[in-house]
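Quick note: numbers below take in every heavy atom, side chains included, and nothing from hydrogens, waters or symmetry partners. Read the numbers this way: they start at 1 and go in the same order the structure lists the ligands and their atoms.
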Amino acid sequence: MARTPFSPAFWRSPLRGPRFTSVLGVVLLGGITVLFVTGLVSYAAYNPDLSPVNDKTPDKGILGFYLFAWPTNPQWLYRLNQGVHVTLGITLVPVLLAKLWSVIPKLFTLPPARSLAHALERISLLLLVGGALFEFVTGVLNVQLDYIFPGSFYPLHFYGAWVFFAAFVAHVALKMPVALRNLRAMRAEKGREEDGVGATEERDELVSPRPAEPTVSRRGALGLVGGGSLLLFATSAGRSFDGPLRQTAVLTPHGGPEPGSGPGGFQINKTAAYVGIRPAETGDEAWRLTVAGRTGTVRLSRADLLELPLHSAALPIACVEGWSTSDQWWRGVRLRDLAALVGYDEPADVFVESLQRRGAFRRAALRDNQVADPRSLLALFVNGEELTPDHGHPARIIVPAAPGVLCTKWVAGLTFGDLP
Ligand SMILES: Nc1nc2c(c(=O)[nH]1)N[C@H]1C(S)=C(S)[C@@H](COP(=O)(O)O)O[C@H]1N2
Ligand SMILES: [Mo]
């Protein structure tokens, strides 16, 4: 008789069983919970309630219930959060794949539904598996190919996370007792016998009724998964650091060597040439900064800005894609001083526009608490020299603890006021 995947005997790996699945499940329980929390925090860091530009999910409704004005302290807050979110996500890929592999036979269980409860459980599993694949795939694509779907990554990854996490919570509630029982049984048996794959497992639909000869022990297989995770971690974590550590991040963009040497020789997301900024528009004769507010509009040349009080702040660039730089020394005009120029002595929000005409991230909005922080600058210098063209010459925004995406480069206009 030809066996099809719908026949339990088709699945012959002696590794499959509730124990192998339980170990991986418990790792994912911890890991995915951290991914969900750091993901929500990352979303809050974007200040998505700020219209007109930051709000990529205007219909979020109660899913935005936890949103708060993103703080400016500690200055490494976003750097840490996003480094953990992205590096952990990459590290968990082998665990997720092994977990899915371990339960594949369940996909083919017949009949499709034995009862209403069983049907509901299977539908929730569809959301669980589909949601997990969707979140990991969109996340990894975003990290690796910087915004294959610009603009739409936010809503996709955000709504996907809620669907996935709802199914995840239901799944954990259903499976937790079984998983813990399996882990306890494994611990109790340790030392009493060899790592007999499947040998002492209770009857379970995951256990093959016709197991093939083992080629690797359960412990060996878990070691392989863990080794894969370790390898991914070791080749991606470094891009949250400078110097030799960054060079270890061979797997991900913005790892490897710095893009140059000297004061501007730290990571660049998009170069001036890439986004179409021409040197002619940024020169001293052509470039003017437009600052608008309560008392009208002023236009400032770079020379005018240099007449204003200049201040320094040591702040990192931390990208939503997970890479970051250590603190760089920025020097420029405080955003709150520019607000005061146009009639805002009290805190005000600001809408920032770049010279850039096409592509994402040429506009951003900042909350009044970000404008008020004395370290929030319209930077003209970095590490003691004029900004390089690729870091946003003649002027860029830098704000403590804010995601890099809000630190607009090649700034052309600032509009202070109350943004909705
Ligand atoms: N005008 C403009 N500003 C921009 C961007 C951009 O594409 N255009 N990219 C943003 C993103 S996503 C990041 S992470 C930082 C990177 O700054 P850096 O290239 O100086 O490291 O710039 C931000 N500012
Ligand atoms: Mo970024």
Handout entry: Asp390 N/O to ligand 1 N/O under 3.5 Å
Key = no
Problem - Within-cut-off N or O pair, Arg362 and ligand 1, under 3.5 Å - result: no
Exercise for the section: Consider every N or O of Trp410 and every N or O of ligand 1, then say whether any pair is closer than 3.5 Å. Expected result: no
Practice task
Check whether any side-chain N or O of Lys409 sits under 3.5 Å from a backbone N or O of Asp390 as a donor-acceptor pair, and report yes or no.
Solution key: yes
Exercise for the section: Would you kindly specify which portion of Lys409 sits under 4.0 Å from ligand 1, judged on non-hydrogen atoms: side chain, backbone, both or neither? Expected result: both
Practice task
Please determine if Lys270 has a nitrogen or oxygen closer than 3.5 Å to a nitrogen or oxygen of ligand 1.
Solution key: no
Practice task
Please check if the side chain of Arg357 supplies one atom and the backbone of Ser354 the other of a donor-acceptor pair under 3.5 Å.
Solution key: no
Completion exercise
Counting from 1 in the order shown, the ligand 1 atoms closer than 4.0 Å to a non-hydrogen atom of Ile268 are 19 (O), 21 (O)
Exercise for the section: Examine ligand 1 and decide if any of its atoms is less than 4.0 Å from a heavy atom belonging to Arg396. Expected result: yes
Problem - Distance under 6.0 Å and angle within 45° of ring axis: Arg79 vs Trp323 - result: no
Problem - Arg336 side chain vs Ala372 backbone, donor-acceptor pair below 3.5 Å - result: yes
Practice task
Specify whether Phe158 and Trp162 have parallel, tilted or perpendicular ring planes, treating 30° as the upper limit for parallel and 60° as the lower limit for perpendicular.
Solution key: perpendicular
Exercise for the section: Considering only NZ, NE, NH1 and NH2 on the basic side and carboxylate oxygens on the acidic side, decide whether Arg294 and Glu346 come within less than 4.0 Å. Expected result: yes
Problem - Side chain, backbone, both or neither: Trp323 near ligand 1, heavy atoms under 4.0 Å - result: side chain
Fill in the blank from the handout: At under 4.0 Å between heavy atoms, what of Ile317 touches ligand 1? The answer is side chain
Exercise for the section: Test the Arg239-Phe266 pair against the cation-pi criterion, namely NZ or CZ under 6.0 angstrom from the six-membered ring centroid and within 45° of the ring axis. Expected result: no
Practice task
Measure Ser354 to ligand 1 on non-hydrogen atoms and call it side chain, backbone, both or neither using the 4.0 Å cut-off.
Solution key: side chain
Exercise for the section: Consider every N or O of Cys319 and every N or O of ligand 1, then say whether any pair is closer than 3.5 Å. Expected result: no
Handout entry: Contact (N/O only, under 3.5 Å) between His391 and ligand 1
Key = yes
Fill in the blank from the handout: In ligand 1, the atoms that come under 4.0 Å of a heavy atom of Gln267 are 18 (P), 21 (O)
Problem - Qualifying residue for side chain to side chain contact (heavy atoms under 4.5 Å, CB included) with Leu88, from Thr38, Ile32, Leu35 - result: Leu35
